[in-house]
Asker: 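Got a structure for you, questions after.
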Amino acid sequence: MANIYYDEDASLDYLKDKTVAIIGYGSQGHAHALNLRDSGIKVIVGLLAGSRSIEKAKAEGFEVYTPDEAAKRADVVMILTPDTVQPQLFYSAILPNLDEGNALAFAHGFNIHFGQIVPPAYVDVFLVAPKGPGHLVRWMYEEGKGVPGLFAVYQDFTGNAREVAMAYAKGIGCTRAGLIETTFKEETETDLFGEQAVLCGGATALIKAGFETLIEAGYQPEVAYFECLHELKLIVDLIYQYGISGMRYSISDTARYGDVTRGKRVYEAVKPIYKKILEEIQEGEFAKEWILENVANRPHFNALVKKDEEHPVEKVGKELRKMMPWLGGKSL
Ligand SMILES: NC(=O)C1=CN([C@@H]2O[C@H](COP(=O)(O)OP(=O)(O)OC[C@H]3O[C@@H](n4cnc5c(N)ncnc54)[C@H](OP(=O)(O)O)[C@@H]3O)[C@@H](O)[C@H]2O)C=CC1
Ligand SMILES: CC(=O)[C@](C)(O)C(=O)O
């Protein structure tokens with residue numbers, strides 16, 4: 001059983017006299033910056049000139065600098081830009097401005113693990129990875145809660161890297177929910193696997209395949225949407241709160257029988273695919289493909305994203321969600 005750390009296990013004292021530069025102000029960046037500041041930490045933001053987030057960060061009260069200037073002024077530099085742009089940003093703007101004893105931090109281990117960024121020996125290097133989307137990292141913090149997280153130390157020049165990483169995790173609220181120590185390898189490979197096979201990739205595959213099966217059989221798109229997307233959230237919510245057995249307690253006997261018998265067939269079909277996806281991650285195949293895709297300016301990625309934006313489930317969903325005012329979520 002992994003050690004799980006909570007608020008009492010981490011001390012913000014390791015950050016209280018430091019300046020943290022958050023490079024990037026997107027999903028994770030805005031959440032880390034706001035949460036750390038609310039935790040009493042001095043935060044500055046680094047954004048490229050022309051960034052669409054400069055005004056937003058300034059409006060939320062942050063000093064905003066270019067990435068090089070922010071790195072120069074900071075003791076801890078947390079890079080929260082897209083993974084594929086981090087190497088160029090690191091070598092051009094951050095590395096020249098890292099001083100001995102500074103800390104270089106990430107929310108995902110991709111570039112360190114796959115050797116795209118090689119840090120200098122004279123800094124600490126750690127990751128703090130919330131296990132949830134950035135907007136929830138902020139919303140849960142505002143509610144006095146937290147998103148669980150992982151942390152890992154890649155390089156400990158100062159001898160305090162672990163304590164600083166845990167302080168950072170506490171500052172963004174992860175220790176309110178639970179913080180697990182990992183490695184850059186484990187965080188990178190499990191996060192890539194999860195987002196490809198089970199979460200984003202896996203969930204959208206199940207939703208699209210189910211929805212298409214029903215509408216191709218002539219059922220109404222609205223019925224297919226409620227069955228394959230809307231109700232999926234409700235069932236996953238039950239699993240999230242009460243486990244698989246708890247969910248099965250709540251559903252009908254008929255649903256339970258279908259679950260354990262037909263669900264077995266889906267399981268048997270996907271498990272070999274899951275293993276292949278993990279193998280491609282572990283062997284660097286996915287990383288190479290994603291890096292080269294970005295070199296070519298993302299033709300395959302852009303086409304597939306566009307195709308899904310036009311999927312019938314998106315069309316019917318947009319209309320149905322208007323009917324459910326309680327869904328009126330905060331703007332992303
Ligand atoms: N999204 C998530 O929930 C999670 C993300 N992560 C990790 O967090 C990191 C950040 O991801 P995420 O928050 O999703 O990123 P986003 O895409 O939401 O935000 C990226 C930020 O970086 C800026 N940016 C984009 N391109 C460049 C560039 N070339 N140079 C400098 N800045 C740039 C963007 O500027 P602008 O504002 O102008 O667009 C934006 O502020 C990644 O390492 C990711 O793997 C980890 C866990 C969860
Ligand atoms: C939210 C999260 O951790 C993801 C899905 O892995 C990501 O956005 O990188």
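What you see is a predicted model; the values in this text were computed from it and never measured. Each residue takes its place number in the sequence, starting with 1. One-based numbering, in listed order, for ligands and for the atoms of each.
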Asker: Is it the side chain (CB and beyond), the backbone, both or neither of L48 that lies under 4.0 Å from ligand 1, heavy atoms counted?
Answerer: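 Side chain only; the backbone of L48 stays clear of ligand 1.
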Asker: Suppose I only count heavy atoms of L47 and a 4.0 Å limit; which atoms of ligand 1 are within that range?
Answerer: 41 (O)
Asker: For S51, take its heavy atoms, then give the atoms of ligand 1 lying under 4.0 Å from any of them.
Answerer: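 Ligand 1 atoms under the 4.0 Å threshold to S51: 35 (O), 36 (P), 37 (O), 38 (O).
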Asker: In ligand 2, which numbered atoms sit nearer than 4.0 Å to a non-hydrogen atom of G132?
Answerer: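 Heavy-atom distances to G132 below 4.0 Å select 1 (C).
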Asker: Scan D38, T19, I22, L34 and name whichever one has a side chain to side chain contact (heavy atoms under 4.5 Å, CB included) with V43.
Answerer: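 That would be I22; it is the only one of D38, T19, I22, L34 passing the side chain to side chain contact (heavy atoms under 4.5 Å, CB included) with V43.
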Asker: Look at atom 9 (C) of ligand 1 and say which protein heavy atom is nearest, naming residue and atom and giving the distance to 0.1 Å.
Answerer: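 Answer for atom 9 (C) of ligand 1: T81 O, 3.6 Å.
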Asker: For atom 19 (O) of ligand 1, what is the nearest protein heavy atom, given as residue, atom name and distance?
Answerer: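 Residue, atom and distance for the closest contact: G26 CA, 3.4 Å.
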Asker: For residues H108 and L127, determine if any side-chain heavy atom of one lies less than 4.5 Å from a side-chain heavy atom of the other.
Answerer: no
Asker: Exactly one of E142, K170, R138 should register a side-chain hydrogen bond (donor to acceptor under 3.5 Å, both in side chains) with N35. Which one does?
Answerer: R138
Asker: Any sub-3.5 Å donor-acceptor pair from R256's side-chain atoms to R248's backbone N or O?
Answerer: yes
Asker: What protein heavy atom lies closest to atom 24 (N) of ligand 1? Include the residue and the distance to one decimal.
Answerer: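 The closest one turns out to be P82 CD, 3.8 Å.
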Asker: Apply the side-chain hydrogen bond (donor to acceptor under 3.5 Å, both in side chains) test between E268 and each candidate in K264, R265, K271; give the one that qualifies.
Answerer: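 Output: one option passes, namely K264.
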Asker: What atoms in ligand 1 come closer than 4.0 Å to a heavy atom of V85?
Answerer: 27 (C), 28 (C), 29 (N)
Asker: I'd like to know if D191 contacts ligand 2, where contact means a heavy-atom distance under 4.0 Å to any ligand atom.
Answerer: yes
Asker: Is G24 close to ligand 1, meaning an N/O of one under 3.5 Å from an N/O of the other?
Answerer: no
Asker: Using 4.0 Å as the upper bound for N to carboxylate O, is an ion pair formed by K42 and D17?
Answerer: no
Asker: Do Y154 and H113 make the cut of ring centroids closer than 6.0 angstrom?
Answerer: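 No: the rings miss the under 6.0 Å criterion.
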Asker: Give me the nearest non-hydrogen protein atom to atom 47 (C) of ligand 1 as residue plus atom name, then the distance to 0.1 Å.
Answerer: Q28 NE2, 3.7 Å
Asker: Less than 4.0 Å between a side-chain N and a carboxylate O, is that true for K56 and E60?
Answerer: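 Here E60 does not pair with K56 in a salt bridge, since their nearest N and O are not under 4.0 Å apart.
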Asker: Report, in ascending order of atom number, the atoms of ligand 1 lying under 4.0 Å from any heavy atom of Q86.
Answerer: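 Close to Q86: 42 (C), 43 (O).
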Asker: Give the atom numbers and elements of ligand 1 that come within less than 4.0 Å of a heavy atom of D83.
Answerer: 42 (C), 43 (O), 44 (C), 45 (O)
Asker: Considering only the protein, which heavy-atom contact is closest to atom 39 (O) of ligand 1, and what is its distance?
Answerer: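 The closest one turns out to be R52 NE, 2.8 Å.
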Asker: Measuring from non-hydrogen atoms of G134 to any atom of ligand 1, is the shortest distance under 4.0 Å?
Answerer: yes
Asker: May I ask you to identify the nearest protein heavy atom to atom 15 (O) of ligand 1, giving residue, atom name and distance to one decimal place in Å?
Answerer: L80 O, 4.2 Å
Asker: Could you tell me whether E69 and R73 make a salt bridge, using a distance below 4.0 angstrom between a side-chain N and a carboxylate O?
Answerer: yes
Asker: Could you tell me whether K322 and E319 have a side-chain N and a carboxylate O separated by less than 4.0 Å?
Answerer: yes
Asker: Among all the protein's heavy atoms, is there at least one whose distance to atom 9 (O) of ligand 2 comes out below 4.0 Å?
Answerer: yes
Asker: Tell me which protein heavy atom sits closest to atom 41 (O) of ligand 1, plus the residue, atom name and distance to 0.1 Å.
Answerer: Y25 N, 2.8 Å
Asker: At less than 4.0 angstrom from any non-hydrogen atom of G132, what atoms of ligand 1 do you find?
Answerer: 3 (O), 48 (C)
Asker: If you have a sec, work out which protein heavy atom is nearest atom 6 (O) of ligand 2 and how many Å separate them, to one decimal?
Answerer: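 For this ligand atom, the closest protein heavy atom is E195 OE1, 2.5 Å.
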Asker: Specify whether the nearest protein heavy atom to atom 34 (C) of ligand 1 is under 4.0 angstrom away.
Answerer: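 Protein heavy atoms within 4.0 Å of atom 34 (C) of ligand 1 - there are none.
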Asker: Could you tell me whether K276 and E280 make a salt bridge, using a distance below 4.0 angstrom between a side-chain N and a carboxylate O?
Answerer: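 So K276 pairs with E280 through a salt bridge.
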Asker: For atom 18 (O) of ligand 1, what's the nearest protein heavy atom and its distance?
Answerer: S27 N, 2.9 Å
Asker: Polar contacts were defined as any N/O atom of the residue lying under 3.5 Å from an N/O atom of the ligand; does this apply to H108 and ligand 1?
Answerer: no
Asker: Against heavy atoms of A107, which atoms of ligand 1 measure under 4.0 Å?
Answerer: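 Once the distances to A107 are compared, the set is 7 (C), 8 (O), 46 (C).
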Asker: For F157 and Y122, I'd like to know if the aromatic rings sit close, meaning centre-to-centre distance below 6.0 Å.
Answerer: no
Asker: For the ring pair Y274 and F193, is the centre-to-centre distance below 6.0 Å?
Answerer: yes
Asker: Any Lys/Arg nitrogen of D99 or K72 sitting under 4.0 Å from an Asp/Glu carboxylate oxygen of the other?
Answerer: no
